[in-house]
Amino acid sequence: MPELPEVETIRAYLDPALRGRRIRAVLHLDPRMLKPVGGWGTSVPALRRVLTGACIRAVERRGKFLTLPLEVGGRLVLHLGMSGRLVLTGPGTAPLPHTHLVLEVAGAGELHLTDPRRFGRIGWLPAQAPEIGAVLGLGPEPLGDGWDAGVLARRLAGRRAPLKALLLDQRVVAGLGNIYSDEALFEARLAPDRPGGDLTPDEVGRLARAVVTVLQRSLAHGGTSFSDYVDALGHPGRNQEYLQVYGRAGKPCPACGSLVASRSVGGRTAHFCPACQGPGAGWAVREERHATV
DNA sequence: CTGCGGCCCTGACGGC
DNA sequence: TGCCGTCAGGGCCGCA
């Protein structure tokens, strides 16, 4: 499930590879993947027409969205959902099953979008549309300049929803999914079902820093390959070896040894340490960690 | 506005 | 062994 670090890993590879290159042909374009982006829709013929022969200005990321602005204006929008892969391969590569978009790019090979579950999307924002963050009301970039405790505090203020749900809400903060919301809450030693508006300023500060910590850690490891994710070369990431709680239900907590629990919170499965992330456990467990590590 | 439940879709997995 | 039911999960939509 590609989240911010995985999408950013893909972007970082694709940007220099595709920047300034021309799309020679659109070989596949599955209409079932074509979905409106904040009300801006398109059609297979229209998208095929605008992409064919167009030069790619850059490969950009906003939250979990990739956008490819074209030199003629407008931008291709790609989202990988939970099973999507975006791989740059050599010319003439046979598409894998469930390949929904193939761009033949002059001098760069072929860009294949493959997504078995089709939770991803292909969209188009015309030149006159606002940038995708504004179109979708996305929250701040947690690895950008605009992210700090004050920004997070304003977005949590007055909210009764559990932290888990708020971190997954792309309007609160852009780019977190199930893995990094769990990891950030563990890093901050906060229970996933704590109402967002109940946090103390110290807790908000811990959470804001924790989000950055877990994202940068994953980025340094090439992303997390828990199930489907591969980078733009088709290689898995290594961050799954560094996850503290996600996918570790029933295994010992790396900080205290208690068993990691998993439970549905806000409609999603949250993984957490009941001891480290229990009510008021933040400062106490941090002291224990100093003693044991 | 806010929170929540349903829907999409397929592969993986557990039970019989 | 093989079939089948269940579930996960990002984002969106509709409902209360």
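Letters A, B, ... mirror the listed sequences (proteins, then strands); counts begin at 1.
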| request: May I have the distance from A/Arg159 (atom CZ) to B/dC1 (atom C1'), rounded to whole angstrom? | output: 9 Å

| field | Face-on cation placement of A/Arg11 at A/Tyr13 ring, 6.0 Å and 45° thresholds | value | no

| Donor-acceptor pair, side chain of A/Glu203 and main chain of A/Thr200, under 3.5 angstrom | yes

| said: I want to check one thing: is the phosphate of C/dA8, taken as OP1 and OP2, less than 4.0 Å away from some side-chain N or O of A/Tyr246? | reply: no

| task | Taking the side chain as every heavy atom from C-beta outward, state whether A/Arg21 and A/Cys55 have any pair of such atoms under 4.5 Å apart. | result | no

| task | Take atom CG of A/Leu156 and atom P of B/dT2, then tell me their distance rounded to the nearest Å. | result | 12 Å

| Any A/Ser83 side-chain nitrogen or oxygen under 4.0 Å from OP1 or OP2 of B/dT10 | no

| request: Specify whether A/His79 and A/Phe65 have parallel, tilted or perpendicular ring planes, treating 30° as the upper limit for parallel and 60° as the lower limit for perpendicular. | output: perpendicular

| task | Measure the shortest side-chain to side-chain distance between A/Leu199 and A/Arg194 over non-hydrogen atoms and say whether it is less than 4.5 angstrom. | result | yes

| Rounded to whole angstrom units, what separation is found between the CG atom of A/Asp115 and the P atom of B/dG11? | 11 Å

| query | Does A/Asp15 use its side chain to pair, donor to acceptor, with the backbone of A/Val59 at less than 3.5 Å? | reply | yes

| message | Protein within reach of the bases, or only the backbone? For nucleotides 10-16 of chain C, mark each nucleotide 5' to 3' as B, S or -, using heavy atoms under 4.0 Å. | response | BBS----

| Gap between atoms CG and P, on A/Leu167 and B/dG3 respectively (whole Å) | 13 Å

| Angle by which the axis turns from one end of the helix from B/dT2-C/dA16 to B/dC16-C/dG2 to the other, five pairs per end, to 10 degrees | 50°

| task | Name the residue closer to the 5' end of DNA chain B, choosing between A/Gly267 and A/Arg118 according to the nucleotide with the nearest heavy atom. | result | A/Gly267

| said: For C/dG9 and A/Arg117 - does any side-chain N or O of the residue sit under 4.0 Å from the phosphate oxygens OP1/OP2? | reply: no

| field | Length of the line joining A/His271:NE2 and C/dG9:P, which is rounded to integer Å | value | 6 Å

| task | For the pair A/Trp124 (side chain) and A/Trp40 (backbone), establish whether a donor and an acceptor sit closer than 3.5 Å, ignoring hydrogens and angles. | result | no

| Separation of A/Asp193 atom CG from B/dG3 atom C1', in whole Å? | 16 Å

| Tell me: OH of A/Tyr180 to P of C/dG9, nearest whole Å? | 14 Å

| field | Whole angstrom value for the distance that separates C1' of B/dC7 from CZ of A/Arg32 | value | 17 Å

| query | Judged by atom type as modelled, is there a donor-acceptor pair below 3.5 Å linking the side chain of A/Asp182 to the main-chain atoms of A/His271? | reply | yes

| query | Counting side-chain heavy atoms from C-beta on, which of B/dG11, B/dG3, B/dC4 comes nearest to A/His98? | reply | B/dG11

| Selection from B/dC4, B/dC9, C/dA8 that lies nearest to any side-chain heavy atom of A/Pro162 | B/dC4

| query | About how many Å separate NZ of A/Lys251 and SG of A/Cys273, when rounded to the nearest 0.5 Å? | reply | 15.0 Å

